[in-house]
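These notes concern the structure reproduced below.
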Amino acid sequence: MVDFVFRSRLSPAHHRALEELVFFNPRQRDAEAGITEAVDLYGAPAIVEDETGLRVVVGKRDDVRCLFALAPAGHPAAGEVQLAGIVIYLRISTQEMVVLHIGVAEAYCRSRRAGLEVVSALVRTVRAAARRLRGVERLTMLYLQGRQFRIAIGSGSQRPATADIGAALAAP
């Protein structure tokens with residue numbers, strides 16, 4: 001299991017890896033219906049660089065949030081990290097947050113387990129953020145095989161998001 005670090009901004013050194021993940025990801029075909037729906041509703045993603053680093057925005061909303069999963073790379077003592085995944089999400093109402101885009105770097109797609117680990121970690125982190133916001137009751141994902149998927153945001157008695165995501169991704 002990888003200990004991911006989550007950031008809302010990336011160093012400009014990750015620009016090429018971010019472009020590959022967002023725009024040239026070979027797994028986009030697997031989520032084509034969800035991607036099309038998200039772009040139609042909220043706008044196309046774009047990479048923005050400012051003095052704080054890189055982030056991804058969408059054309060029709062200025063309140064979108066972006067979260068990057070970074071994994072250790074190279075020698076651990078050197079502190080090098082590589083981009084493992086991204087999730088772009090938005091609060092669309094008092095009660096609901098929606099995941100607009102989610103992507104896993106090619107290096108983590110070599111096995112279903114590694115890819116699921118990245119997706120699960122990103123969704124867990126967004127779900128934890130949603131739990132801290134007053135009124136949010138659900139997290140909706142658009143990418144799962146052309147259908148929406150909702151995760152309840154509630155007390156600790158709920159099933160963990162990983163179980164929900166794993167079951168959904170395993171569904172035919």
Side-chain angles (χ1 to χ4, degrees), residues 1-39 42-49 52-58 61 64-74 76 79-91 97-131 139-146 148-151 153 160-171:
M1 180 169 243
V2 177
D3 287 328
F4 296 106
V5 175
F6 300 97
R7 299 279 183 258
S8 59
R9 307 280 176 145
L10 280 180
S11 159
H14 290 97
H15 197 280
R16 184 173 178 90
L18 183 56
E19 280 182 337
E20 289 176 14
L21 180 60
V22 175
F23 301 116
F24 305 110
N25 191 325
R27 314 258 290 138
Q28 287 178 348
R29 287 187 206 119
D30 297 341
E32 189 171 350
I35 292 169
T36 301
E37 180 179 6
V39 169
Y42 302 103
I47 298 172
V48 174
E49 182 175 350
T52 62
L54 300 172
R55 62 190 169 94
V56 178
V57 298
V58 295
R61 297 289 297 248
V64 69
R65 300 289 179 245
C66 182
L67 190 62
F68 302 102
L70 302 169
E80 296 175 25
V81 293
Q82 67 182 6
L83 181 59
I86 183 177
V87 63
I88 303 169
Y89 61 99
L90 174 68
R91 188 170 184 175
M97 290 177 66
V98 63
V99 170
L100 305 179
H101 300 283
I102 193 162
V104 177
E106 187 63 23
Y108 290 88
C109 291
R110 294 199 173 107
S111 77
R112 184 171 175 83
R113 182 175 181 221
L116 184 58
E117 187 177 342
V118 176
V119 170
S120 296
L122 286 164
V123 172
R124 273 195 317 268
T125 304
V126 172
R127 185 177 188 223
R131 280 183 155 167
L139 175 64
T140 301
M141 297 181 64
L142 303 177
Y143 270 28
L144 297 174
Q145 299 171 349
Q148 287 190 356
F149 182 73
R150 289 195 169 94
I151 299 171
I153 305 297
T162 19
D164 295 334
I165 296 300
L169 292 177

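The structure displayed is predicted, hence computed values, not measured ones.
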Distance-minimising heavy-atom pair for [X] and [Y]:
{"X": "Glu19", "Y": "Ile47", "value": "CG-CD1, 3.6 Å"}
{"X": "Phe68", "Y": "Leu122", "value": "C-CD2, 4.4 Å"}
{"X": "Val22", "Y": "Gln28", "value": "O-NE2, 2.8 Å"}
{"X": "Ile88", "Y": "Val64", "value": "CG2-CG2, 3.1 Å"}
{"X": "Ser8", "Y": "Leu67", "value": "N-CD1, 4.4 Å"}
{"X": "Phe6", "Y": "Ala69", "value": "CE2-CB, 3.9 Å"}

Which residues satisfy the salt bridge (charged side-chain N to carboxylate O under 4.0 Å, His left out) test with [X], sequence neighbours excluded?
{"X": "Arg55", "value": "Asp50"}
{"X": "Arg16", "value": "Glu20"}
{"X": "Glu49", "value": "none"}

The criterion is side chain to side chain donor-acceptor pair (under 3.5 Å); which residues satisfy it with Tyr42, sequence neighbours excluded?
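Partners of Tyr42 under the side chain to side chain donor-acceptor pair (under 3.5 Å) test: none.
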Is it the case that atom CZ in Arg27 sees more than 12 heavy atoms from other parts of the structure closer than 6.0 Å?
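Check fails, neighbour count at 12 or below.
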Please check if atom CZ in Arg65 has more than 12 non-hydrogen atoms from other residues, nucleotides or ligands closer than 6.0 Å.
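12 or below, so no.
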Nearest 0.5 Å please: distance from the CD1 atom of Ile35 over to the CG atom of Leu100.
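Taking CD1 in Ile35 and CG in Leu100, the distance rounds to 11.5 Å.
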Pairwise distance CG(Leu83) to CG(Leu54) - rounded to 0.5 angstrom
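Those atoms lie 10.0 Å apart.
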Val118 and side-chain contact (heavy atoms from CB on, under 4.5 Å): which partner among Ile102, Val87, Ile86, Val104?
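Of all the options given, the one that passes is Val104.
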Check side-chain contact (heavy atoms from CB on, under 4.5 Å) between Ser11 and all other residues, then give those that pass, not counting sequence neighbours.
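Partners of Ser11 under the side-chain contact (heavy atoms from CB on, under 4.5 Å) test: Ala13, His14.
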Contacts of Ala71 that satisfy side-chain contact (heavy atoms from CB on, under 4.5 Å) - sequence neighbours left out:
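side-chain contact (heavy atoms from CB on, under 4.5 Å) list for Ala71, sorted by chain: Val2, Phe4, Gln82, Ala84, Tyr108.
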Find out whether Pro45 and Val39 are in side-chain contact, i.e. whether some heavy atom of one side chain is under 4.5 Å from a heavy atom of the other.
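With C-beta onward as the side chain, the pair touches.
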